[in-house]
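Below you'll find the structure I mean.
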Amino acid sequence: MPAEKPRAGSAEAIAFYNQALTNPGASEPMFRSFYNFYPVVMKELGKKETKYYSQKWVTADAKLREVVPQKDSISKTDLLEMFYIKSMKGIVRAANLNYIEGNTASEIKAASADAFRKLCDDKLIEAIEALTLLGGVGPATAVCILSYKAPEKIAFASDQVLDVINQHIPRNYTTTDC
């Protein structure tokens, strides 16, 4: 296990992963069924009703998944919503909210448009780096943003997923880990 305390759900995710490894023929339907559980898991996270856990962010997540793939860039509202949604799935760095709020609408539009273009050209690291020029946006938040634009190209790995992938090393939240 990583040095950090595993997040709720990590033990179950690791058990599922290990089961899939021992029975590879059953893994695809299992992964598909767990993927289909995403809305249920988000709904459960939303029941906590704190600043970072809210049904409001679950609803925003569903809306963003529908509209962002058709957008050329994101708005400041989109970025703020994505920050809160990401906070439901990972480490909450509350101080980053001040930096994110400090970005102007034009900075967000320019950085996200550049990142989306790079993502379309399959330049994933460059797309991540384009977004990290924004205040409060590190590699994990950048990947979260990009996963809304093209989920078929890049996936946001929640802490539970990172606990599976990096069972014996700490989470670092760097571009290399993405």
Count the heavy atoms belonging to other residues, nucleotides or ligands that lie under 6.0 Å from NZ of K153, then report whether that count exceeds 12.
->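 Yes - once you tally the heavy atoms of other residues, nucleotides and ligands closer than 6.0 Å, there are more than 12.
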
Approximate separation, where rounding is to 0.5 Å, of T141 OG1 and I85 CD1 =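 Those atoms lie 12.0 Å apart.
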
Considering all heavy atoms, the nearest L131-S112 contact |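 Here L131 and S112 meet closest at CD2-CA, 3.8 Å.
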
Can you tell me how far CD1 of I145 sits from CZ of F116, rounded to the nearest 0.5 angstrom?
->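 CD1 of I145 is found 7.5 Å from CZ of F116.
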
Taking NZ, NE, NH1 and NH2 as the nitrogens, is one of them in R65 or D61 under 4.0 Å from a carboxylate oxygen of the other?
-> yes

Co-membership, hydrophobic cluster, residues Y99 and I128, 4.5 Å side-chain |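 Cluster IDs for Y99 and I128 differ.
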
d(M82 CE, S147 OG) to nearest 0.5 Å is 7.5 Å

Would you find more than 12 non-hydrogen atoms of other residues, nucleotides or ligands less than 6.0 Å from D72 atom CG?
->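 Counting neighbours around CG of D72, 12 or fewer heavy atoms of other residues, nucleotides or ligands fall under 6.0 Å, so no.
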
Nearest non-hydrogen partners of E107 and G102, listed with the distance =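 Nearest pair, atom of E107 first, then G102: OE1-O, 4.3 Å.
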
Rounded distance [0.5 Å steps], CD in E101 versus CG in L80 = 6.0 Å

Looking only at heavy atoms, what is the nearest atom pair of Y148 and C144, with distance?
->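 In this case the closest contact between Y148 and C144 is CD1-O, 3.1 Å.
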
Closest heavy-atom pair and its distance - N96, F83 = CB-CE1, 4.0 Å

Heavy-atom side-chain contact between K71 and D78 under 4.5 Å |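 Side-chain contact under 4.5 Å: yes.
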
Between K149 and L119, is there a donor-acceptor pair closer than 3.5 Å when you use the side chain of the first and the backbone of the second?
->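 No; zero donor-acceptor contacts below 3.5 Å.
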
Do you know the tightest heavy-atom contact between K63 and E81?
-> NZ-OE1, 3.9 Å

Flag yes if L97 and M88 sit in one hydrophobic cluster, no otherwise; membership is Ile, Leu, Val, Met, Phe, Trp, Tyr, and two members link when side-chain heavy atoms are under 4.5 Å apart.
-> yes

Who passes side-chain hydrogen bond (donor to acceptor under 3.5 Å, both in side chains) against K118, sequence neighbours left out?
->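 With neighbours one apart ignored, the set is D114.
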
Does L133 belong to the same Ile/Leu/Val/Met/Phe/Trp/Tyr cluster as I100, with side-chain heavy atoms less than 4.5 Å apart forming each link?
->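 Different clusters: L133 never reaches I100 through Ile, Leu, Val, Met, Phe, Trp or Tyr contacts under 4.5 Å.
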
Which atom of K76 lies closest to which atom of N103, heavy atoms considered =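 For K76 versus N103, the nearest heavy atoms are NZ-O, 2.8 Å.
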
Got a sec: does the CD of E66 have more than 12 other heavy atoms crowding it under 6.0 Å?
-> no

